Trainee: 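Here's a structure for you.
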Protein chains: 2
Amino acid sequence: MRKGEATRERILEVAEASVLAKGFGATSIEEVITEAGITKSGFFYHFRDKNELAHELLRRYIAEDHRILDELFGRAANLSDEPLQAFLIALKMLADLMGDLPGGHPGCMIASICYQERLFDRRVVTLNREAIESVNARVLAHLETIAAVHPPREPVDLAVVAEMLSCIIDGGIIMAKVTGDPARLAYQILAYRAFVKMLFAAPARDIPPGGVPSRQSSPAAG
Amino acid sequence: MRKGEATRERILEVAEASVLAKGFGATSIEEVITEAGITKSGFFYHFRDKNELAHELLRRYIAEDHRILDELFGRAANLSDEPLQAFLIALKMLADLMGDLPGGHPGCMIASICYQERLFDRRVVTLNREAIESVNARVLAHLETIAAVHPPREPVDLAVVAEMLSCIIDGGIIMAKVTGDPARLAYQILAYRAFVKMLFAAPARDIPPGGVPSRQSSPAAG
DNA sequence: GACATTTCCGTACCGCGGGTACAGTTGGAG
DNA sequence: CTCCAACTGTACCCGCGGTACGGAAATGTC
């Protein structure tokens with residue numbers, strides 16, 4: 001009964017590693033089933049087609065991403081009550097996390113699938129969109145909390161600033177992959193952090209009571 | 001004699017349109033040759049394999065991109081002698097350009113190929129990297145010129161800020177594709193513009209002679 | 001324990017697309 | 001007319017996604 005569950009899980013793990021390493025198109029089912037120790041029929045018992053595999057893979061990946069992000073922002077919130085500082089700390093931690101991955105970030109599955117969209121059906125694309133919007137919404141909530149305390153220095157749309165983080169991460173992954181230098185992703189996140197800091201950090205005198213301390217140039221936990 | 005050249009050109013044009021519309025993996029040679037009015041053998045006379053097609057496509061795409069970028073920065077430089085203003089104008093024009101494309105940006109071929117790298121050989125990947133680095137170097141040169149006049153407000157690595165534009169564009173394209181909203185790319189470029197503006201625009205009193213005019217919130221030709 | 005049912009996986013095959021082999025055609029130079 | 005070179009068409013191979021179908025092992029029912 002639950003033997004099938006284990007097999008299905010094994011397929012997903014093997015497929016995920018392969019997709020992140022080589023891209024979805026370059027991942028052949030034959031290769032996956034060989035690695036997983038089953039046959040084609042076994043695969044197609046668990047997944048109707050490659051679309052369904054992509055859908056499942058994406059679901060897992062997104063869930064894990066959200067978990068990591070939540071945990072990270074949660075930890076940051078514990079380190080500072082001040083929303084801007086907490087956000088900056090979270091970004092620093094995110095940069096560290098991305099930079100510490102051995103061999104660099106495995107690659108963003110969302111982008112990988114985005115560039116293959118014709119291979120997939122609507123459901124996959126929709127899932128993709130919802131995931132992006134969900135992350136953006138989360139970041140936006142943080143930014144709005146920050147903006148309530150620190151009026152932004154430039155008249156920017158906070159939703160755009162929120163989405164910018166997703167752009168930076170996806171773009172940074174591309175830079176890292178193309179140049180073969182994983183650190184670039186981390187640097188980009190830190191650049192975004194500098195942007196947020198400049199945008200909200202008060203120009204010397206507008207600091208609200210109990211707000212930003214004076215040595216705000218590198219307040220994040222190293 | 002020159003008939004072959006014309007055929008080769010036709011193949012490239014058809015292939016480019018298809019790749020940008022559907023991605024490289026989803027573009028079949030059979031489809032290309034049908035569209036171009038030749039046969040398979042005709043295709044393989046001009047290109048050793050699909051790798052070589054990708055290589056040529058990428059070369060053309062990169063060359064065109066550089067041309068557009070140069071022309072855009074050149075026009076901007078004609079509109080303002082002040083390097084920061086010229087750069088901001090160029091970014092505004094870039095955002096307008098991206099937003100005006102009917103149906104949105106066709107997709108970044110570099111990113112498209114990046115996520116299929118296993119399908120290609122080293123030469124394609126190398127070309128990819130060089131293109132990115134070339135654009136980054138160009139933008140970096142502008143930023144250094146700017147920084148010589150306007151000391152940056154935050155201690156950032158200008159090379160990272162330069163690369164950030166590439167990240168924003170590639171990431172913005174992904175956002176636009178995933179959400180189906182082409183305007184997002186333009187918004188992201190404008191957000192980057194706000195970042196650059198904040199980074200270099202002097203805080204009210206450090207404006208050099210002949211520098212930034214007071215109504216600097218939207219100085220670009222709209 | 002016989003029996004059917006569901007779960008799970010194997011074998012054989014199809015169609016499509018990338019790629020090859022090779023034959024044929026066109027056109028210019030001698 | 002002949003020969004070479006540039007160019008194109010036909011027939012085929014093979015890997016891969018996907019299907020048809022069948023068999024074994026676990027599970028429920030009496």
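Just so we're clear, the structure is a prediction, and the values are computed from it rather than from any experiment. Chain letters run A, B, ... following the sequence lines, proteins first, then strands; residues in each count from 1.
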Trainee: Could you check how far CD1 of B/I11 sits from P of C/dG18, rounded to whole Å?
Mentor: 13 Å
Trainee: Tell me which one of A/I33, A/V32, A/I38 satisfies side chain to side chain contact (heavy atoms under 4.5 Å, CB included) with A/V14.
Mentor: A/V32
Trainee: Kindly point out which of D/dG18, D/dG17, C/dG17 is positioned nearest to the side chain of A/D49?
Mentor: D/dG18
Trainee: Taking 4.0 Å as the cut-off, does a side-chain nitrogen or oxygen of B/T7 come that near to OP1 or OP2 on D/dT8?
Mentor: yes
Trainee: Round to a whole Å and report the spacing from CD of B/E30 to C1' of D/dC12.
Mentor: 13 Å
Trainee: Taking the side chain of B/F44 as heavy atoms from C-beta outward, which of D/dG17, C/dG10, C/dG18 is closest to it?
Mentor: C/dG18
Trainee: Whole angstroms only, please: what is the CZ-C1' distance between A/F43 and D/dC16?
Mentor: 12 Å
Trainee: What's the CZ-C1' distance between A/R8 and C/dC9, to the nearest Å?
Mentor: 16 Å
Trainee: Between C/dG10 atom P and A/I33 atom CD1, what is the distance in whole Å?
Mentor: 9 Å
Trainee: Quickly work out the A/E52 CD to D/dG17 P distance and round it to whole Å.
Mentor: 16 Å
Trainee: Would you check if A/E56 and A/R8 make a side-chain contact, meaning some heavy-atom pair closer than 4.5 Å?
Mentor: yes
Trainee: Measure CG/A/N51 against P/D/dG18 and give the value in whole Å, please.
Mentor: 7 Å
Trainee: It should be established whether A/S41 places a side-chain nitrogen or oxygen under 4.0 Å from OP1 or OP2 of nucleotide C/dC9.
Mentor: no
Trainee: Between B/Y45 and D/dT8, is there a side-chain N or O to OP1/OP2 distance below 4.0 Å?
Mentor: no
Trainee: Is the phosphate of D/dT8 approached by B/H46 (side-chain N or O, under 4.0 Å from OP1 or OP2)?
Mentor: yes
Trainee: If you assign B/T39 and A/K40 each to the DNA chain D nucleotide with the nearest heavy atom, which residue ends up on the more 5' nucleotide?
Mentor: B/T39
Trainee: Which atom names give the shortest non-hydrogen contact between A/D170 and B/G171, and what distance separates them?
Mentor: CB-CA, 4.5 Å
Trainee: To the nearest Å, how far apart are B/K50 NZ and C/dG18 P?
Mentor: 5 Å
Trainee: Any carboxylate oxygen within less than 4.0 angstrom of a Lys/Arg side-chain nitrogen, looking at B/E9 and B/R60?
Mentor: yes
Trainee: Within a 6.0 Å radius of atom CD on B/E35, are there more than 12 heavy atoms belonging to other residues, nucleotides or ligands?
Mentor: no
